[in-house]
2 protein chains.
Amino acid sequence: MENITEMLKGVLEGCVLEIISRGETYGYEITQRLRELGFTEIVEGTVYTITIRLEKNNLVNIEKKPSNMGPPRKFYTLNAAGQEQLEIFWRKWEFVSSKINELKTIKIKRREVK
Amino acid sequence: MENITEMLKGVLEGCVLEIISRGETYGYEITQRLRELGFTEIVEGTVYTITIRLEKNNLVNIEKKPSNMGPPRKFYTLNAAGQEQLEIFWRKWEFVSSKINELKTIKIKRREVK
DNA sequence: GATGCTATTCTGCGTTACTATATACCGGTA
DNA sequence: TACCGGTATATAGTAACGCAGAATAGCATC
């Protein structure tokens, strides 16, 4: 899918929160999950800027663990604030996406009338 | 709805394209349509930056008409490029929103299993 | 020791929506 | 006349976000 960058603004962070909420995970793995989801163009750098932001905003707990696959991993889990932020995200998504779909539906209706 | 600014990035322009596609309209009226849709916080300035961008990218035709309600209005209609851009927007929206909803659905499934 | 995968970090960039303000036309009204 | 509110456009500056690109590092395998 061509250049969906702008449309991901404001939702990618929510996706990362959601993925972390499933159980502790780290940046590289989150990137892979997002690619599996279909956002195949996502690169590590993008995810790391998000996780660093989550750290800054105190939405996650962090634990560093060694790995036998490479350098140590930084595992993230959601704290209470992160959980709340995730719920807010889904509420916003419900609101915005329903409005956009309404606009789209009305469009179809109008076209049927034509 | 509290602070949906970031989530509107990349979709607001598409909404404006869609509204224009219904028939010629002008900035102030577009703002009102968006407010009616539910995006009540949208102000004129936001819409004007979008319409000016549409002009710059040659996606619209422009016609200035006098009004007896105030200063002259700049009426916009979509040209072929604008129509195409609108279709691209809806394709992107379908893609992104379906992926996000998939993530959400899986979430619910997992919770049911618990 | 070279290559490749895993894994994190950082800097700078471009795009976008928003804020705030200015300008202007018109009608009503005090 | 002067003022105000609604209609209407414009624009400079700001903040936030996702992304590109590069550097660094650990481990396995050849």
Side-chain angles (χ1 to χ4, degrees), chain A residues 1-17 24-35 39-57 59-60 62-76 85 89 92 96 100, chain B residues 1-17 24-35 39-57 60 62-76 85 89 92 96 99-100:
Chain A
M1 177 62 48
E2 76 280 30
N3 197 22
I4 53 172
T5 300
E6 288 307 322
M7 214 174 264
L8 288 181
K9 285 191 179 174
V11 304
L12 206 51
E13 181 179 312
C15 292
V16 171
L17 281 172
E24 67 169 12
T25 183
Y26 52 99
Y28 192 81
E29 194 181 42
I30 294 168
T31 310
Q32 291 173 316
R33 293 275 167 282
L34 288 170
R35 292 221 188 103
F39 300 137
T40 54
E41 320 281 285
I42 300 283
V43 293
E44 288 85 348
T46 301
V47 173
Y48 286 108
T49 53
I50 293 172
T51 53
I52 286 164
R53 194 159 67 232
L54 298 180
E55 287 183 42
K56 268 188 199 155
N57 297 339
L59 301 176
V60 286
I62 309 168
E63 202 180 341
K64 208 156 193 169
K65 296 182 185 177
S67 163
N68 54 0
M69 304 282 284
R73 300 163 174 167
K74 271 177 78 177
F75 281 87
Y76 295 99
Q85 204 56 40
F89 165 72
K92 284 187 192 176
V96 172
I100 307 285
Chain B
M1 176 62 50
E2 76 279 29
N3 198 21
I4 54 172
T5 299
E6 289 307 323
M7 214 175 264
L8 288 181
K9 286 190 179 173
V11 304
L12 206 50
E13 181 179 312
C15 293
V16 171
L17 281 172
E24 69 169 10
T25 183
Y26 52 98
Y28 191 82
E29 195 181 42
I30 293 169
T31 311
Q32 290 173 317
R33 293 277 166 278
L34 288 169
R35 292 221 188 104
F39 300 137
T40 53
E41 320 281 286
I42 300 283
V43 292
E44 288 85 348
T46 301
V47 173
Y48 288 112
T49 54
I50 293 172
T51 53
I52 286 164
R53 196 160 66 233
L54 298 180
E55 286 183 42
K56 269 189 198 153
N57 297 339
V60 286
I62 309 169
E63 202 181 343
K64 209 157 192 169
K65 296 182 187 178
S67 163
N68 54 0
M69 304 283 283
R73 300 163 173 165
K74 271 177 76 176
F75 281 87
Y76 296 99
Q85 203 57 40
F89 165 72
K92 285 186 191 175
V96 172
K99 295 304 176 189
I100 307 283

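Order of the sequence lines sets the chain letters (A, B, ...), proteins ahead of strands, with each chain counted from 1.
- Listed here is the closest heavy atom pair of Gly27(B) and Val47(B): O-CG1, 3.7 Å.
- Between the OH atom of Tyr28(B) and the C1' atom of dG5(D) there is a distance of 10 Å, rounded to whole Å.
- Within the nucleic acid shown, Gly45(A) comes within 4.0 Å of at least one base atom, counting heavy atoms only.
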Extract from the structure each pairing of a protein N or O with an N or O of nucleotides 15-17 of chain D at less than 3.5 Å, listing the distance.
unit_1	atom_1	unit_2	atom_2	d
dA16(D)	N3	Lys9(B)	NZ	3.1
dC17(D)	O2	Lys9(A)	NZ	2.8

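- Interatomic distance, Ile62(A) CD1 to Phe75(A) CZ, rounded to the nearest 0.5 Å: 13.0 Å.
- The backbone N or O of Tyr28(A) sits less than 3.5 Å from a side-chain atom of Tyr48(A), completing a donor-acceptor pair.
- Candidate nucleotides dC10(C), dT9(D), dT6(C) were compared by shortest atom distance to the side chain of Arg73(B), and dT9(D) ranks first.
- The salt bridge (Lys or Arg N to Asp or Glu O under 4.0 Å) test with Lys74(A) singles out one residue from Glu55(A), Glu63(A), Glu24(A), Glu29(A), and that residue is Glu55(A).
- Between Tyr26(A) and the phosphate of dA7(C), there is a side-chain N or O to OP1/OP2 separation shorter than 4.0 Å.
- In this structure, Tyr48(A) does not reach the dT9(C) phosphate: none of its side-chain N or O atoms is under 4.0 Å from OP1 or OP2.
- At a threshold of 4.5 Å between non-hydrogen side-chain atoms, the residues Leu34(B) and Val16(B) count as touching.
- When distances are taken from the side chain of Thr46(A) to each of dT9(D), dC19(D), dG26(D), the shortest belongs to dC19(D).
- Taking a 6.0 Å sphere around NZ of Lys56(A), one finds it holds 12 or fewer heavy atoms contributed by other residues, nucleotides or ligands.
- A sub-4.0 Å separation between OP1 or OP2 of dA17(C) and a side-chain N or O of Thr49(B) is absent.
- Toward the 5' end of DNA chain C, the nearer of the two residues Ile52(A) and Met69(A), judged by each one's closest nucleotide, is Met69(A).
- Glu41(B) has its CD atom 13 Å from the P atom of dA20(C), to the nearest Å.
- A sub-4.0 Å separation between OP1 or OP2 of dG14(C) and a side-chain N or O of Thr5(A) is absent.
- Close to dT9(D), at under 4.0 Å from its OP1 or OP2, lies no side-chain N or O of Lys64(B).
- Here the nucleotide nearest the side chain of Val43(B), chosen from dC19(D), dT19(C), dT9(D), is dT19(C).
- Contact annotation for Pro72(A): backbone-only contact, meaning every heavy-atom pair under 4.0 Å involves sugar-phosphate atoms and none involves a base.
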Show me the donor-acceptor pairs, under 3.5 Å and distance only, between side chains in residues 1-12 of chain B and residues at least two apart or in other chains.
unit_1	atom_1	unit_2	atom_2	d
Asn3(B)	OD1	Thr5(B)	OG1	3.2
Glu6(B)	OE1	Lys9(B)	NZ	3.3
Glu6(B)	OE2	Lys9(B)	NZ	3.3

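- In this structure, CZ of Arg35(A) is placed 12 Å from P of dA7(C), rounded to the nearest angstrom.
- Distance CZ (Phe75(B)) to C1' (dT9(D)): 13 Å, rounded to an integer number of Å.
- Atom pair Arg33(B):CZ and dA8(D):C1' shows a separation of 15 Å (rounding to whole Å applied).
- Proximity of Val60(B) to Thr51(B): side-chain heavy atoms (C-beta onward) are nowhere separated by under 4.5 Å.
- One interatomic measurement links the two molecules: CD1 of Ile50(B) to P of dT16(C), which rounds to 9 Å at whole-angstrom precision.
- Atom pair Asn68(B):CG and dT7(D):P shows a separation of 12 Å (rounding to whole Å applied).
- Atom-to-atom, CD1 of Ile4(A) to P of dT15(C) comes out at 17 Å; the value is rounded to the nearest Å.
- Note on Thr51(B): nothing from the nucleic acid sits closer than 4.0 angstrom, heavy atoms only.
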